[in-house]
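Below: one structure, written as structure tokens.
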Amino acid sequence: AYDTTTCDKLQEIFSLKENQLTKHQCPKSIGKRANTIYLLYDVNPPEGFNLRRDVYIRLAVFIRQLARRKPFQNVRLVLPPWGRLFHWKSSHLHQYSLPWSQFFDVASMRRYAPVLDFSEFLDDISKFGLLETPYIQVQNVFKLFHFQDMFEQGVFHEKFQIISECRKEEHLHDFLLQQPMLWEKNFTCLRYQGSVNLLGDLLRQQLNHAAMQTNDVKVFAILNAEVVLHDQWGDREFWRARRSMRFAEPLVKIAEEYRMRELNSNKALERVQRPPIWEEERPFRAAVGGNYLAVHIRRGDFARGRQNTTPTLKSAATQIRARMELLNLTTVYIATDASGMELTNLKAYLQRVRMRRFTPESLAQKALILDGGQAIIDQLICAHARHFIGTFESTFTYRIYEEREILGFLRKTTFNTLCKNASRGNCEYNSIWPIVY
Ligand code: GFB
């Protein structure tokens with residue numbers, strides 16, 4: 001029952017001499033255990049946190065539906081540990097290989113679709129006796145690429161195609177998902193065009209190839225999962241998956257304490273809809289929000305690379321003043337990734353305005369919440385405001401829009417965009433995607 005190929009491979013990786021790996025250290029061949037399929041996935045490394053959340057929704061909706069069909073009743077989606085993201089700038093902090101439970105309520109997500117945090121996957125696998133060694137064999141890793149020509153004779157077809165010339169070494173420079181215990185048995189480059197449901201065909205094909213036995217355990221992985229499209233963006237299933245993505249409780253608590261302390265606001269005053277579980281949420285449009293305006297001012301790469309649509313700080317400040325006056329609000333909450341110098345300038349432009357911004361109260365708190373948690377706290381505070389203005393084409397802003405839709409705000413208080421110019425001539429606005437129940 002021992003997988004000698006894998007054993008040889010391990011010897012090679014660790015340059016171990018023969019006999020150093022005992023039979024017990026060699027992974028057992030995967031087979032005849034339980035009819036479970038684990039789907040690992042990852043997203044193109046430079047992509048940011050909030051696009052990754054959207055990719056998750058595509059896969060969660062898919063996995064939920066797939067799990068209703070034979071032979072996929074025991075399929076599990078494994079959440080990729082968060083590697084160090086480009087935007088997480090606090091280099092002194094350990095922000096590597098983080099579980100989703102650091103940021104989200106995974107139990108809540110699991111009530112929508114069968115998903116596992118990576119450590120839960122390891123626990124699960126160990127129950128099948130597949131972790132007697134630290135290595136897990138991944139049957140096939142698919143790295144997705146776009147087709148060069150999306151429209152064949154002017155028509156968009158859903159399709160995938162194996163790229164015959166594909167060398168793993170060119171495409172995988174680290175351990176799979178940066179997890180040294182994963183060992184890929186096969187590596188396939190695949191051109192892919194279409195919705196996430198096409199992955200069902202791919203998996204079915206794989207299972208046919210692998211002659212899945214009744215009690216098999218199989219592990220597959222999809223790299224560059226952002227290539228797959230939503231089945232239906234913005235429909236009821238999208239929103240159910242989205243609503244199940246509640247943030248981790250410690251972050252919610254910090255945001256609540258901050259709103260109480262600095263903004264004199266709480267859920268009751270804000271009259272938002274937030275039942276204990278997302279399944280109890282209903283169509284609702286009566287939230288009023290805290291007595292403050294919230295603005296997401298995206299800087300960093302947006303200020304450099306998207307100058308046509310990103311306002312200067314001076315212009316943003318002018319727009320903020322005008323909106324506060326219009327709404328008769330005296331406090332503005334600013335969420336931003338601006339540098340220290342930019343913040344000083346913004347404060348100068350907003351002189352005599354009561355401006356608030358969340359910063360962790362201690363180094364210990366920062367080490368607890370990390371850069372990702374700080375960003376979520378910003379999103380939560382923006383989500384609970386009386387009125388919100390976001391940045392054009394920022395997924396960070398989109399996720400705040402969604403949160404406000406769930407909480408039950410009127411659309412006109414949510415779907416607002418900072419214009420390039422304060423005069424609002426030729427302003428480009430973000431699209432409106434209302435919640436569907
Ligand atoms: O989340 P994200 O993909 O949104 O990336 P975009 C932006 C990241 O910057 C966030 C930080 O995940 C945060 O780490 N960040 C941005 C902020 N705004 C704030 C804020 O208000 N508060 C805090 N605390 N952090 C994408 C980029 O950005 O835009 C892509 O990820 C690409 O690389 C694309 O540039 C066009 O959608 O705004």
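Each ligand, and each atom within it, is numbered from 1 in the order the structure gives.
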Using a 4.0 Å cut-off to any heavy atom of [X], which atoms of ligand 1 qualify?
X: Ser394; result: 6 (P), 37 (O), 38 (O)
X: Thr336; result: 19 (C), 20 (C), 21 (O), 22 (N), 23 (C)
X: Ala375; result: 23 (C), 24 (N), 25 (N)
X: Gly48; result: 3 (O), 31 (O)

Distance from [atom] to nearest protein heavy atom, with residue and atom:
atom: atom 4 (O) of ligand 1; result: Thr395 OG1, 3.1 Å
atom: atom 15 (N) of ligand 1; result: Asp337 CB, 3.6 Å
atom: atom 12 (O) of ligand 1; result: Phe49 CB, 3.5 Å
atom: atom 14 (O) of ligand 1; result: His87 CB, 3.6 Å
atom: atom 10 (C) of ligand 1; result: Phe396 CD1, 3.8 Å
atom: atom 36 (C) of ligand 1; result: Arg306 NH2, 3.3 Å
atom: atom 7 (C) of ligand 1; result: Arg298 NH2, 3.4 Å
atom: atom 1 (O) of ligand 1; result: Asn50 ND2, 2.7 Å

Discussion item. So does Phe388 get a backbone contact from the side chain of Asn416, meaning a donor-acceptor N/O pair under 3.5 Å?
Written reply: yes
Heavy-atom pairs closer than 4.0 Å: do any link ligand 1 to the side chain of [X], the backbone, both, or neither?
X: Asp301; answer: side chain
X: His296; answer: side chain
X: Asp378; answer: side chain

Under 6.0 Å from the ring centre and within 45 degrees of the ring axis: does the NZ or CZ of [X] meet both conditions for the six-membered ring of [Y]?
X: Arg404; Y: Phe409; value: yes
X: Arg76; Y: Phe121; value: no
X: Lys89; Y: Phe86; value: yes

Discussion item. Testing Tyr398, Phe302, Phe396, Phe392 one by one against His296 for a ring pair (Phe, Tyr, Trp, His ring centres under 6.0 Å), which residue passes?
Written reply: Phe396
Discussion item. Determine whether Phe238 and Ile57 satisfy the following criterion, side-chain contact (heavy atoms from CB on, under 4.5 Å), listing intermediate values before the conclusion.
Written reply: CA-CA 7 Å; Phe238 168 90; Ile57 293 179; 3.6 Å; yes
Item to complete: If a pair satisfies salt bridge (Lys or Arg N to Asp or Glu O under 4.0 Å) and one of its residues is in residues 356-377, list it, with sequence neighbours excluded.
Response: Glu262-Arg356, Lys366-Asp371
Discussion item. Considering only residues two or more places apart or on different chains, which pairs with a residue in residues 377-393 satisfy salt bridge (Lys or Arg N to Asp or Glu O under 4.0 Å)?
Written reply: Arg306-Glu393
Fill in: Closest approach of Glu281 to Arg246 (non-hydrogen atoms, all atoms of both residues)
OE2-NH2, 2.7 Å
Fill in: Minimum heavy-atom distance between Arg204 and Phe72, given as atom pair plus value
NH2-CE1, 3.5 Å
Worksheet item: So is Phe302 close enough to ligand 1, meaning a heavy atom under 4.0 angstrom away?
Response: yes
Discussion item. Tell me whether ligand 1 is touched by Arg399 - counting only heavy atoms on the residue side and a distance under 4.0 Å.
Written reply: no
Fill in: Glu403: which of Arg243, Arg242, His384 passes side chain to side chain donor-acceptor pair (under 3.5 Å)
Arg242
